[in-house]
Amino acid sequence: MAKRTGGKYQAIIEAAVRVIAQQGYHNAQVSKIAKEAGVADGTIYVYFENKDDVLISVFKEKMGQFIEAIHRKMKPLPSVREKLHCLISMHFGNMAKNKNYAVVTQIELRRANPVVQEGIRQTLKKYFDLIDDLVEEGKQEGLFPKDLDRRLARKMIFGTLDQVVTAWIMKGAKYDLTRSVDPVYELLLFGLTGQDKNGS
């Protein structure tokens, strides 16, 4: 199997996002992905074992890049408040700028078989770990209560972001998702600390 780099590999990844979003995973034949990518059908199998591997790779590639970007953006921020706002802003911004990818993650991945679910588990865990670290930092900073359950807080944060994006997709993505950043930030901040954005 060829190394997963280069123009053809990236073209297949981007084509898979478009085809799966528009036609659904079960109707997204390898031949359709190949045609959209401008490559021969057999080229898909140079880089991927099968269609499940394509979907897993789409998530690993896109989500991996997103997690790295969040780390870079959050690292220099001086407070957990700012980091939480950054997390929410980047999550919504990432989905808003690529509706097709949002459809794949919010709709099609949930319909995928157990092989795909297992294949994306480790990448998704990296995002959960990032949120866990943010919660722990908030506890050390004194922003969050010392007895705050980290796993419950993570479910609250990720679950809220995930549901807001899903609702946006189900409504046809007809409104500006990024307008939800500040209201969701204030809601989560108050839920986690009992304080508003001004600290009162």
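These figures come from a predicted structure and were not determined experimentally.
Note: Ile107 CD1 to Met170 CE = 5.0 Å, rounded to the nearest 0.5 Å. Atom CZ of Arg179 sits about 13.5 Å away from atom CZ of Phe92, to the nearest 0.5 Å. With rounding to the nearest 0.5 angstrom, the CD1 atom of Ile33 is 10.5 Å from the CG atom of Asp41. Separating the CG atom in Leu77 from the CG atom in Leu84 is a distance of 11.0 Å, to the nearest 0.5 Å. A distance of 13.5 Å separates CD1 of Ile169 from NZ of Lys171, quoted to the nearest 0.5 Å. Atoms OG and CD, on Ser57 and Glu49 in that order, are 9.0 Å from each other to the nearest 0.5 Å.
No side-chain heavy atom of Ile120 sits under 4.5 Å from any side-chain heavy atom of Met63. Counting heavy atoms from C-beta on, the side chains of Phe59 and Val116 never come closer than 4.5 Å. The closest side-chain heavy-atom distance from Arg151 to Phe128 is not below 4.5 Å. With contacts defined as side-chain heavy-atom distances shorter than 4.5 Å, the pair Leu130/Lys126 does not qualify. The side-chain heavy atoms of Val135 and Ile157, taken from C-beta on, include a pair separated by under 4.5 Å. The shortest side-chain heavy-atom distance between Val104 and Lys62 does not fall under the 4.5 Å cut-off.
Considering every non-hydrogen atom in both Met90 and Phe66, the closest pair reads O-CE1, 3.4 Å. In plain terms, the two heavy atoms of Pro78 and Glu141 that are nearest each other are O-OE1, 4.3 Å. The heavy-atom pair separating Ala11 from Ala37 by the smallest distance is O-CB, 3.7 Å. Minimum heavy-atom separation, Gly119 to Lys60: O-CE, 3.2 Å. A pairwise comparison of heavy atoms in Trp168 and Ala102 identifies CZ3-CB, 3.9 Å as the closest pair. Of all heavy-atom pairs spanning Thr178 and Asp176, the tightest one is OG1-OD1, 2.5 Å.
Side chain of Gln117 to main chain of Leu109: a donor-acceptor pair is present (N/O by atom type, distance under 3.5 Å, no hydrogens or angles). Side-chain atoms of Gln106 come within 3.5 Å of backbone atoms of Asp162 as a donor-acceptor pair (strictly under, hydrogens ignored). Panel note: side chain Arg72, backbone Ile67; no donor-acceptor pair is recorded below 3.5 Å. Between the side chain of Tyr25 and the backbone N or O of Asp52, at least one donor-acceptor pair lies under 3.5 Å. Here the side chain of Lys139 pairs no donor or acceptor atom with the backbone of Asp147 at under 3.5 angstrom.
In summary, of the residues considered (Ile131, Leu192, Asp149), a side chain to side chain contact (heavy atoms under 4.5 Å, CB included) with Met156 occurs for Leu192 alone. The only member of Ile13, Ile44, Val17 that meets side chain to side chain contact (heavy atoms under 4.5 Å, CB included) when paired with Val54 is Ile44. Across Leu143, Leu188, Leu148, Val80, a single residue satisfies side chain to side chain contact (heavy atoms under 4.5 Å, CB included) together with Thr193, and that is Leu143. Tested against Glu137, the residues Lys83, Arg81, Lys75 include a single salt bridge (Lys or Arg N to Asp or Glu O under 4.0 Å) partner, Lys83.
In this structure, Met95 is not a member of the same hydrophobic cluster as Leu187, with clusters built from ILVMFWY side-chain heavy atoms closer than 4.5 Å. Grouping the Ile, Leu, Val, Met, Phe, Trp and Tyr side chains by contacts below 4.5 angstrom, directly or via other members, places Val46 with Val58. Linking ILVMFWY residues whenever their side-chain heavy atoms come closer than 4.5 Å, directly or via other members, leaves Phe48 and Val115 in distinct clusters.
Using cut-offs of 30° and 60° on the angle between ring planes, the pair Tyr9 and Tyr47 is tilted.
If you check the side chains of Tyr45 and Asp53, you find no donor sitting under 3.5 Å from an acceptor. No side-chain donor-acceptor contact under 3.5 Å links Gln140 and Glu136. Gln29 and Gln23 share no donor-acceptor pair across their side chains, judged by distance under 3.5 Å alone.
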Could you walk me through whether Lys35 and Val19 pass side-chain contact (heavy atoms from CB on, under 4.5 Å), step by step?
CA-CA 10 Å; Lys35 183 178 180 181; Val19 173; over 6 Å; no
Going through the distances and angles, do Glu108 and Leu55 end up as a side-chain contact (heavy atoms from CB on, under 4.5 Å)?
CA-CA 9 Å; Glu108 298 305 324; Leu55 182 56; 5.5 Å; no
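Residue Lys51 places its NZ atom among more than 12 non-hydrogen atoms of other residues, nucleotides or ligands, all under 6.0 Å distant. Remark: Lys32 NZ is packed, more than 12 non-hydrogen atoms of other residues, nucleotides or ligands lying under 6.0 Å away.
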